[in-house]
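Both ligands and their constituent atoms are indexed starting at 1 by order of listing.
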Amino acid sequence: MMFHTLVFCCLCCCHLVGVFSESVSVMEGDSVTLNIDDTQIREDDYILWKFGAEKSIIAQIRRDFGVFNTFNGPDERFRDRLKLDKQTGSLTITNITTQHAGDYKLEIHRAKLSSKTFSVSVYARLPVPNITRDCSSSSSSSQQNCSLLCSVVNVGHVTLSWYKGNSLLSSISVSDLSISLSLPLEVEYQDKNSYSCVLNNPISNQTTHLNITQLCQPCAEVQCCDTVEAVMRLVVTALMGVAAAAAAVLLLNDVRSSRG
Ligand SMILES: *[C@@H]1O[C@H](CO)[C@@H](O)[C@H](O)[C@H]1NC(C)=O
Ligand SMILES: *[C@@H]1O[C@H](CO)[C@@H](O)[C@H](O)[C@H]1NC(C)=O
Ligand SMILES: *[C@@H]1O[C@H](CO)[C@@H](O)[C@H](O)[C@H]1NC(C)=O
Ligand SMILES: *[C@@H]1O[C@H](CO)[C@@H](O)[C@H](O)[C@H]1NC(C)=O
Ligand SMILES: *[C@@H]1O[C@H](CO)[C@@H](O)[C@H](O)[C@H]1NC(C)=O
């Protein structure tokens, strides 16, 4: 109760003196510490950490009363995830998920109120891009060229690119969440350059190197099945021919017998 009165008083009497903000990017599953720059916080400072548009209080510190509390948030999303540094008042969020992305507001209530907002972006761990032979491509029927596809599934806020050595050949970007992407590349069988497919978001990347010898085998299955189909057609045509001949013979016999 005492704190609330104190805060209320502070908010009434004083105006906001400092408004700062900082962007923080973190990978899903990692921990992030939101630091209070001012290591000179005083014993009697009342410090609040608030989260989201609703500004739910997730931590409060009042050192001279021995108060160091963390809260789970209205929907429990911070349960077992918050740690407070009793010296600095810094807040650590452990094993972060996309649910914990958003604005964290630090308020230091003294004679005057100062505040700072940390905008936390959480990025998913990236899958390794998968390079496959694309036998359905029309140009894969050409003798010199090999068509390839680099693909990833369930990604968001990423760029997928093909590199030849260090130079960018092509790329595709997506801002949506959870979609699948693929990017084609055509190389010659004898190509000795080194190619790689790179998936990246603002804080990390995953690379797969292309092995032409390994992937650019002739499109065996397609050739196999095409051949079988052709043989089948031939057989069917032949059978139909036989059937037609037989019908003709029967017809001829009919004509002969009716004459007879
Ligand atoms: C991290 O959070 C995820 C999702 O809530 C959970 O499945 C996983 O067990 C947690 N890992 C650790 C090390 O706490
Ligand atoms: C890559 O794609 C091929 C063909 O779709 C599939 O068989 C293989 O399991 C995939 N590999 C990975 C690592 O996803
Ligand atoms: C083969 O690929 C090269 C690029 O690697 C391209 O310039 C050429 O036009 C392709 N040829 C055919 C027949 O698709
Ligand atoms: C991938 O990340 C590494 C550091 O992890 C960086 O050195 C490299 O330049 C990045 N590559 C690309 C293509 O973004
Ligand atoms: C490419 O694949 C071939 C056949 O699988 C293998 O012998 C060769 O070592 C691979 N090259 C590289 C650079 O990994």
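In terms of polar-atom proximity, defined here as any N/O pair under 3.5 Å, N95 does make such a contact with ligand 1.
Between R125 and D30 there is a salt bridge, since at least one side-chain N of the basic residue sits less than 4.0 Å from a carboxylate O of the acidic one. Salt-bridge annotation for D64 and R62: present, with a side-chain N of the basic residue lying under 4.0 Å from a carboxylate O of the acidic one.
Those atoms of ligand 1 with a heavy atom of R81 less than 4.0 angstrom away are 1 (C), 2 (O), 3 (C), 4 (C), 5 (O). Residue-ligand proximity, N130 to ligand 2, at heavy-atom distances under 4.0 Å covers atoms 1 (C), 2 (O), 3 (C), 8 (C), 10 (C), 11 (N), 12 (C), 14 (O). Which parts of ligand 2 touch T132 is read off a 4.0 Å heavy-atom cut-off, strictly below it: atoms 2 (O), 3 (C), 4 (C).
Partners of T159 by side-chain hydrogen bond (donor to acceptor under 3.5 Å, both in side chains), not counting sequence neighbours, listed by chain and number: S173.
Checked against the 6.0 Å centroid threshold, H100 and F78 count as a close aromatic pair. Aromatic ring centres of W49 and F118 lie closer together than 6.0 Å.
Side-chain atoms of T117 and D103 form no donor-acceptor pair, as typed in the model, at a separation below 3.5 Å. Looking only at atom types and distance, the side chain of T92 has a donor-acceptor partner in the side chain of T33 under 3.5 Å away.
Between S56 atom OG and D75 atom CG the span is 8.0 Å, to the nearest 0.5 Å.
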Which protein N or O atoms sit under 3.5 Å from any N or O of ligand 4? Give atom names and distances.
from, atom 1, to, atom 2, distance (Å)
ligand 4, 2 (O), N205, OD1, 3.4
ligand 4, 2 (O), N205, ND2, 2.2
ligand 4, 11 (N), N205, ND2, 2.9
ligand 4, 14 (O), N205, ND2, 3.3

